[in-house]
Amino acid sequence: MAYVTNTEWLNKTPNRTAGHAPWLGVIVHETASPNPDNPAGTLNFNLSPDVGSSYHDLIGRDGVRYRYLDADTYRAWHAGVNTLIWVNGLEFSGGDVNVVMLGIELDGACDGTPATEPQLATMAALLNEYGNLYGFPRDAAHLIMHSQACAAIDPSYRSDARCTTIAELVELCAAGPVSLDTYERCYRVRYDRSVVRTGPGREFAIVGYVDAGREFLADSLKFGERIDGSDEWIHASSGVGFISATAVEHIG
């Protein structure tokens with residue numbers, strides 16, 4: 001599906017952190033705007049450093065996609081301290097959610113007013129584009145409402161998005177399964193006898209060793225013990241275990 005894209009606000013907000021794939025899915029938000037028919041209000045609001053929030057895309061009620069942050073360059077600040085999710089069997093909480101999940105806003109009053117047909121059509125198209133690009137399915141395990149992400153810690157903190165449901169978005173996407181083979185999740189081991197563990201830290205049991213040059217596909221990452229300045233641990237799609245990000249290089 002073709003839709004109109006506006007890049008006027010792209011990467012202008014200071015509310016961002018350097019980051020890139022692997023993205024494991026999307027957190028879906030609704031803006032709670034007092035005037036959702038004027039997306040510029042929300043877009044300009046999140047330019048202020050005092051606001052401290054941002055997103056990768058906003059979709060107007062007319063179906064226009066407003067690119068806000070480039071997902072290949074920046075992490076958006078869309079999930080805060082009161083968030084807890086499980087994706088691919090791994091737990092992420094607080095700001096770590098922003099490291100692994102894209103943030104998309106549907107412009108709306110967040111009062112139960114339904115999303116428009118053009119808005120939902122663009123949303124479904126964008127979810128499929130991101131899913132195909134970064135290798136995550138469009139299902140209820142990888143598309144998560146902000147209210148769902150907050151529910152485990154503070155159910156009253158947020159209630160968005162009210163304008164649609166994940167079930168509706170999944171049905172609109174109508175996407176089949178994806179294969180990790182075609183996505184940028186390939187890594188190469190840098191050192192001989194690099195350790196593979198059952199979890200993201202040296203307190204977890206060793207399940208094996210791999211030598212320099214070994215290439216593998218990753219299905220996710222998790223944050224754990226900091227090793228040589230990095231707390232990222234890469235999980236192999238084979239399920240064998242975790243290896244510190246400092247022991248591998250991303251090759252595509």
Donor-acceptor pair, side chain of Thr165 and main chain of Glu168, under 3.5 angstrom: yes

His20 side chain to Asp72 side chain, donor-acceptor N/O pair below 3.5 angstrom: no

Qualifying residues under ring pair (Phe, Tyr, Trp, His ring centres under 6.0 Å), relative to His56, sequence neighbours excluded: Trp23

Test salt bridge (charged side-chain N to carboxylate O under 4.0 Å, His left out) applied to Asp111 - qualifying residues, sequence neighbours left out: none

Any side-chain heavy-atom pair of Leu127 and Val26 under 4.5 Å: yes

Within residues 197-211 or reaching into it, pairs that qualify as side-chain hydrogen bond (donor to acceptor under 3.5 Å, both in side chains) - sequence neighbours excluded: Arg202-Glu225

Main-chain N/O of Thr116 paired to Gln119 side chain as donor or acceptor, under 3.5 Å: yes

Exercise: identify the closest heavy-atom pair between Arg190 and Ala212: O-CB, 3.5 Å

Short side-chain to backbone donor-acceptor contact, Asn46 and Val51, under 3.5 Å: no

Contact check, side chains of Ile104 and Leu126, non-hydrogen atoms, under 4.5 Å: yes

Contact summary for Cys150 and Thr83, nearest pair of heavy atoms: SG-CG2, 3.9 Å

Backbone of Asp160 reached by a side-chain donor or acceptor of Ser147 within 3.5 Å: yes

pair Leu169-Leu120: side-chain heavy atoms closer than 4.5 Å: yes

Residue list, side-chain hydrogen bond (donor to acceptor under 3.5 Å, both in side chains) with Arg65, at least two apart or on another chain: Tyr3, Asp57, Tyr130

Qualifying salt bridge (charged side-chain N to carboxylate O under 4.0 Å, His left out) pairs with a residue from residues 33-51, counting only residues at least two apart or across chains: Asp37-Arg61

Beyond-backbone contact of Arg138 with Val170, side-chain heavy atoms, under 4.5 angstrom: no

Cluster overlap Val189 with Val240, hydrophobic side-chain contacts below 4.5 Å: yes

N/O donor-acceptor pair under 3.5 Å between Asn88 side chain and Leu90 backbone: no

Distance in Å, Thr42 OG1 paired with Glu105 CD, rounded so as to fall on 0.5 Å steps: 7.5 Å

Which residues share a salt bridge (charged side-chain N to carboxylate O under 4.0 Å, His left out) with Arg226, sequence neighbours left out: Asp231

For Phe216, ring pair (Phe, Tyr, Trp, His ring centres under 6.0 Å) partners two or more places apart: Tyr187

Interatomic spacing from NE2 in His146 to NE2 in His78 - rounded to 0.5 Å: 8.5 Å

Residues clustered with Tyr55, ILVMFWY side-chain links under 4.5 angstrom: Val4, Trp9, Leu43, Leu47, Leu58, Val64, Tyr66, Tyr68

Check: Phe45 main-chain N/O paired with Ser48 side-chain donor or acceptor under 3.5 Å: no

Asn44 (side chain) donor-acceptor with Ala40 (main chain) under 3.5 angstrom: yes

Shortest non-hydrogen contact from Ala21 toward Tyr134: CB-CD2, 3.6 Å

Between CG on residue Asp62 and CD1 on residue Ile59, distance to nearest 0.5 Å: 10.5 Å

Between Ser159 and Arg162, a side-chain donor and acceptor under 3.5 Å: yes

Interatomic spacing from CD in Gln148 to CG in Leu143 - rounded to 0.5 Å: 10.0 Å

Cys186 SG to Ile251 CD1 distance, which is reported to the nearest 0.5 Å: 3.5 Å

Check: Thr122 side chain, Gly63 main-chain N or O, donor-acceptor pair, under 3.5 Å: yes

Contacts of type side-chain hydrogen bond (donor to acceptor under 3.5 Å, both in side chains), residue Ser230, not counting sequence neighbours: none

Remaining members of hydrophobic cluster (4.5 Å side-chain criterion), Ile153: Leu84

For Thr246, side-chain hydrogen bond (donor to acceptor under 3.5 Å, both in side chains) partners two or more places apart: Ser244

Electrostatic pair Glu249-Arg188, nearest N-O below 4.0 angstrom: yes

For Ile243 against Val210, the heavy-atom pair lying closest together: CD1-CG2, 4.0 Å

Note, Arg16 side chain near Asn11 side chain (heavy atom, < 4.5 Å): yes

Residues which pass side-chain hydrogen bond (donor to acceptor under 3.5 Å, both in side chains) with Asp70, listed by chain and number, not counting sequence neighbours: Thr73

Least distance between heavy atoms, His142 atom then Phe136 atom: CD2-CB, 4.2 Å

Heavy-atom closest pair, residues Ala71 and Leu102: CB-CD2, 3.5 Å

CZ/Arg214: more than 12 non-hydrogen atoms of other groups inside 6.0 Å: no

Sidechain-backbone polar pair: Asn98 side chain, Arg75 backbone, donor-acceptor under 3.5 Å: no

Any donor-acceptor pair under 3.5 Å from Ser54 side chain to Trp77 backbone: yes

Spacing of SG belonging to Cys163 relative to NE2 belonging to His29, to within rounding of 0.5 Å: 12.0 Å

